[in-house]
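Below is one structure, written out as structure tokens; comments come after it.
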There are 2 protein chains.
Amino acid sequence: MTKNSKTLSSGLEDYIETIYIAQLKNLPLKGADLARQLCVSRASVSEALAKLVAKKLITYNSYETISLTQLGIEFAQNVYNKHHTLKMFFEQVLFIAPDEAGENACKIEHIISQNVLNRMTEFTEFCRQNEKFLTEFKKEITRK
Amino acid sequence: MTKNSKTLSSGLEDYIETIYIAQLKNLPLKGADLARQLCVSRASVSEALAKLVAKKLITYNSYETISLTQLGIEFAQNVYNKHHTLKMFFEQVLFIAPDEAGENACKIEHIISQNVLNRMTEFTEFCRQNEKFLTEFKKEITRK
DNA sequence: ACAAAGTGTTAGGTTTGCCTTACATTAATA
DNA sequence: TATTAATGTAAGGCAAACCTAACACTTTGT
């Protein structure tokens, strides 16, 4: 049974997303950095990177900076967009504090359907064009 | 290291939620029914029920109907409320079809924070009191 | 009441993702 | 440059959740 190459486990999505963000910021990223950021052991990182190499999502040789392949970038952008959509929705529509919005986004990004996500994007945008509604909602919740 | 008795794995939450729903409907539920509903083997159900008994969330003897303890009911209501909040939000605010709303709720209910959930409830309620906004949003999305 | 159907458990496996320990390799710095 | 620090990997384990196969027990239907 060959692996479905179209999907990644939540864990691998986290790895690839972290690598992507580092790459966006032009920060060289090594395995040990990943271990620190994701709070896992260097050994676990080593295993995970091997899987990502096998799936041709990253290129990596020991002691070098990890980098994403074109395919890896596509996967990463997909996850990153989900994260961003959720975070913006939580912050701008539901008025959740950035930290908590981010924490929820981190978990939900791996499981929510694309269709719901698209609708969230539309909703956030619609609210932006109709500011008064959210202003009223904010008044409502802060009054409590 | 003793287990944290305040939280359950996603899987066990699914078991207990299913048991709760059957109990609400007054439908007697056996292990084999659970296996069918959750699409797992009877053996897996047997293991899971043993864990729930150990945690004092259900009472159960072979070949009898499974039932929730008071503690189990509290856990189940908590999950069930989350599910309901999410499903209503997806359906009524984002206009997601019931099936898809339910599928997303099933997954997200296990990981979303209570605070975000509360805000969703407030938002859904607020929208209900301001129907025009959602009517406009619906127009917007169906126009595409 | 007894065979057939349904239900439950046990034993033994698999997979995934993590761990620690120990060791090897590379990089940094005194 | 010679240590020391940092990094990476391999081996061996563990725990959670699932599985199948085999067997035991209970319920149902004729």
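Keep in mind the model is a prediction, meaning the values are calculated, not measured. Each chain gets a letter, A, B and so on, in the order the sequences are listed, and its residues count up from 1. All heavy atoms count here, side chains included; hydrogens, waters and symmetry mates do not.
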ask   = OP1 or OP2 of C/dG8 sitting under 4.0 Å from any side-chain N/O of B/S62?
value = no
ask   = Does A/F123 have its ring centroid less than 6.0 Å away from the ring centroid of B/F123?
value = yes
message = Can a donor-acceptor pair be found, under 3.5 Å and without considering hydrogens, that links the side chain of A/T85 to the backbone of A/T121?
response = no
Whole-Å distance separating the CD1 atom of B/I66 from the C1' atom of C/dT9 = 14 Å
query = Rounded to whole angstrom units, what separation is found between the CD atom of B/E13 and the P atom of D/dA16?
reply = 16 Å
inquiry  = Tell me the interatomic distance from B/L52, atom CG, to D/dA16, atom P, rounded to whole angstroms.
reply    = 14 Å
ask   = Is there a donor-acceptor pair closer than 3.5 Å between any side-chain N or O of B/Q23 and the backbone N or O of B/L68?
value = yes
Can you tabulate the close N/O pairs, meaning under 3.5 Å, that link protein atoms to atoms of nucleotides 17-19 of chain D?
unit_1 : atom_1 : unit_2 : atom_2 : d
D/dA17 : OP1    : B/S9   : OG     : 2.7
D/dA17 : OP2    : B/K51  : NZ     : 3.0
D/dC19 : OP1    : B/S41  : N      : 3.4
D/dC19 : OP2    : B/S41  : N      : 2.8
D/dC19 : OP2    : B/S41  : OG     : 2.8
D/dC19 : OP2    : B/S44  : OG     : 2.5
D/dC19 : N4     : B/E47  : OE2    : 3.1

ask   = By a strict heavy-atom criterion of less than 4.0 Å, which residues belonging to residues 16-34 of chain A are in contact with DNA chain C?
value = none
task = May I have the distance from A/I58 (atom CD1) to D/dG8 (atom C1'), rounded to whole angstrom?
result = 13 Å
inquiry  = Output the rounded distance in Å from CG (A/N61) to P (C/dT25).
reply    = 15 Å
inquiry  = Would you say that more than 12 heavy atoms from the other residues, nucleotides or ligands in this model lie under 6.0 Å from the OH of A/Y80, or not?
reply    = no
key: Separation of C/dT9 P from B/Y63 OH (nearest whole Å)   = 7 Å
inquiry  = In whole Å, I'd like the distance from the CG atom of A/D14 to the P atom of C/dT16.
reply    = 17 Å
query = Does A/Y20 have its ring centroid less than 6.0 Å away from the ring centroid of A/F75?
reply = no
task = Report yes if at least one side-chain N or O of B/Y60 is closer than 4.0 Å to OP1 or OP2 of C/dT7; otherwise report no.
result = no
query = So, the side chain of B/N78 versus the backbone of B/E74: is there a donor-acceptor pair under 3.5 Å, distance only?
reply = no
request  = Check step by step if salt bridge (charged side-chain N to carboxylate O under 4.0 Å, His left out) holds for A/D33 and A/R36.
outcome  = CA-CA 5 Å; A/D33 300 319; A/R36 282 183 286 268; 2.8 Å; yes
ask   = Could you give the CD-to-P distance, from B/E64 to C/dG8, as a whole number of Å?
value = 10 Å
Review item, side-chain donor-acceptor pairs of residues 87-95 of chain B, under 3.5 Å, at least two apart:
unit_1 : atom_1 : unit_2 : atom_2 : d
B/K87  : NZ     : B/E91  : OE2    : 2.6
B/Q92  : OE1    : B/R128 : NH2    : 2.9

task = Evaluate whether atom CD of A/E131 has more than 12 neighbouring non-hydrogen atoms of other residues, nucleotides or ligands under 6.0 angstrom away.
result = no
